[in-house]
Novice: 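The structure follows.
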Number of protein chains: 2
Amino acid sequence: MTVRYRMEMERERRRLSANDWAEAALSALGKGGVAAVAVEPLATALGTTKGSFYWHFANREALIEAALSLWEQRFTEATISALAAEPEPAARLRMLFTRVSRDAEHNPAAVSVLASADHALVAPVVRRVMERRMAYVVSLFEELGFPPEVAVQRAVLGLTAYVGHNQLAVRLPGLLPLGTQDGLNDYVEAAVALLLHDAPGPSAPATP
Amino acid sequence: MTVRYRMEMERERRRLSANDWAEAALSALGKGGVAAVAVEPLATALGTTKGSFYWHFANREALIEAALSLWEQRFTEATISALAAEPEPAARLRMLFTRVSRDAEHNPAAVSVLASADHALVAPVVRRVMERRMAYVVSLFEELGFPPEVAVQRAVLGLTAYVGHNQLAVRLPGLLPLGTQDGLNDYVEAAVALLLHDAPGPSAPATP
DNA sequence: GTCATTCCATACGCACCCGTATGGAGTGCG
DNA sequence: CGCACTCCATACGGGTGCGTATGGAATGAC
């Protein structure tokens, strides 16, 4: 019965950790890009002041780095590890596209990160992530038996389509005329079918 | 022989017009998004001061609107009118993709505009432009004889691929493994071939 | 309870940008 | 020349965000 609740009606007012700040920064990153990862606005949003922040972090750059690190881990690992179970490369491709297309409009962080790719702290992270994805998709088409040049072309088409889909779905909701969930599913099926067109047998060299 | 050149060695120092400011704003928009369309930085870049700006414009919003209007006109009209000459829809599609893929990496304005699509002044402009493009590409595939649902799917794949291509080429140069110009041309050919796969005859109803 | 440690609130200086006010160059016209 | 008009330079106030300094509250060890 210690008197712990004095004026705590408006907010919890429990103490914050560095991770709380990083999570809030990641959320702000998704909403407004790196420009929104600002100390004082985040402080008021968290119901605290700058004094809390500068106890946990050295400066604003450290906060941006923490948010980016959080994003990179959460995102890359979650997506790729979810596919590791499926042995069939064609099924993995279909699963990948279904998954990312479904999450596209609920994923503003990826859009904001790419939009801030000119920032010195963002550039290496987004490049690392995109290079990993590019290499992964290329290897996927190679595993399907496409010759290297064709695999690269299919992968570029697929990856750029995903990036553009993500951008348009987030920034201009309702623009893509895919209707409801069914329309989106049909689109993914059609797109994957095109990307897999004339697929040779798996792991069969194409030009012997 | 009037003494007109007093201290004009470092800059021309001729008087500026509102259009000069709008052009500089468009350039800044391409480099750093709407955040870079700032009065004082642009003034120093133009070798003048804010006094000049606030003579030609009411405030910063008017400058942003001028830059966006410039971009919308220059861009949409230039691209679409260049295609009006070609009667064959397949050739128009190929020409469209060749053109936009070639210009993709030299077109940072489109990327910045889409990146700033949450801005109140940018949102209606970019939505208008993208809706026009979407409708145009859909009508192109319909003209090729695809049934409406398929035309929409092909158009979505093509447009999102272009948007993603533009983003990646501008923000992460060298990431797309397309090599030199020839590699890009081959990619465009392959992508267009996939998008045109199983095309019915032009203006032939598909499901009679 | 005392006390040291952890964590936060407040106040301050600095820098940047917006918008306004005002005086003064520059130019064309009589 | 003189004068009106166009255009720009400078100075100022307000607002916001970064980073620092410093005192004080909350918490755990004893």
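As a basis for the values below, the full set of heavy atoms in this structure was taken, side chains included, without hydrogen atoms, waters or symmetry mates. Reminder, nothing fancy here: chain letters follow the sequence lines and each chain counts from 1.
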Novice: Between A/A58 and B/W21, which is nearer to the 5' end of DNA chain D once each is assigned its nearest nucleotide?
Specialist: B/W21
Novice: So, is B/S52 near the phosphate of D/dA9, with a side-chain N or O under 4.0 Å from OP1 or OP2?
Specialist: no
Novice: When the nearest nucleotide of DNA chain C is assigned to B/A38 and to A/H56 on a heavy-atom basis, which residue is associated with the more 5' position?
Specialist: A/H56
Novice: Output the rounded distance in Å from CH2 (B/W55) to P (C/dG24).
Specialist: 17 Å
Novice: State the CG-CD distance between B/L121 and B/E61, to the nearest 0.5 angstrom.
Specialist: 5.0 Å
Novice: I need the CG-C1' distance between A/N59 and C/dC14, as an integer number of Å.
Specialist: 16 Å
Novice: So, does B/R60 get its side chain near the phosphate of C/dC18, meaning an N or O under 4.0 Å from OP1 or OP2?
Specialist: yes
Novice: How long is the straight-line distance from CG of B/L178 back to CD of A/Q153, given to the nearest 0.5 Å?
Specialist: 8.0 Å
Novice: Per the atom types in the model, does the base of C/dT6 pair as donor or acceptor with the side chain of A/R15 at under 3.5 Å?
Specialist: yes
Novice: Can the positive tip of A/R132 be found less than 6.0 Å from the middle of the six-membered ring of A/F75, inside 45° of the ring normal?
Specialist: no
Novice: How many whole angstroms separate atom CG of B/L46 from atom P of D/dC7?
Specialist: 16 Å
Novice: When the distance from CD of A/E61 to C1' of D/dG17 is rounded to whole Å, what number comes out?
Specialist: 15 Å
Novice: Can you tell me how far P of C/dC7 sits from CG of A/D20, to the nearest Å?
Specialist: 12 Å
Novice: Whole-Å distance between C/dT10 C1' and A/E40 CD?
Specialist: 12 Å
Novice: Can you tell me how far the OG1 atom of B/T160 sits from the OH atom of A/Y187, to the nearest 0.5 Å?
Specialist: 4.0 Å
Novice: Could A/R94 and A/E86 be called an ion pair, given the rule that one side-chain N must be under 4.0 Å from one carboxylate O?
Specialist: no
Novice: Quick one: A/F57 CZ to C/dC8 P, roughly how many Å, whole number?
Specialist: 12 Å
Novice: What integer distance in Å separates B/L42:CG from D/dC8:P?
Specialist: 14 Å
Novice: Could you work out which one of C/dC7, D/dT20, C/dT20 sits closest to the side chain of B/Y54?
Specialist: C/dT20
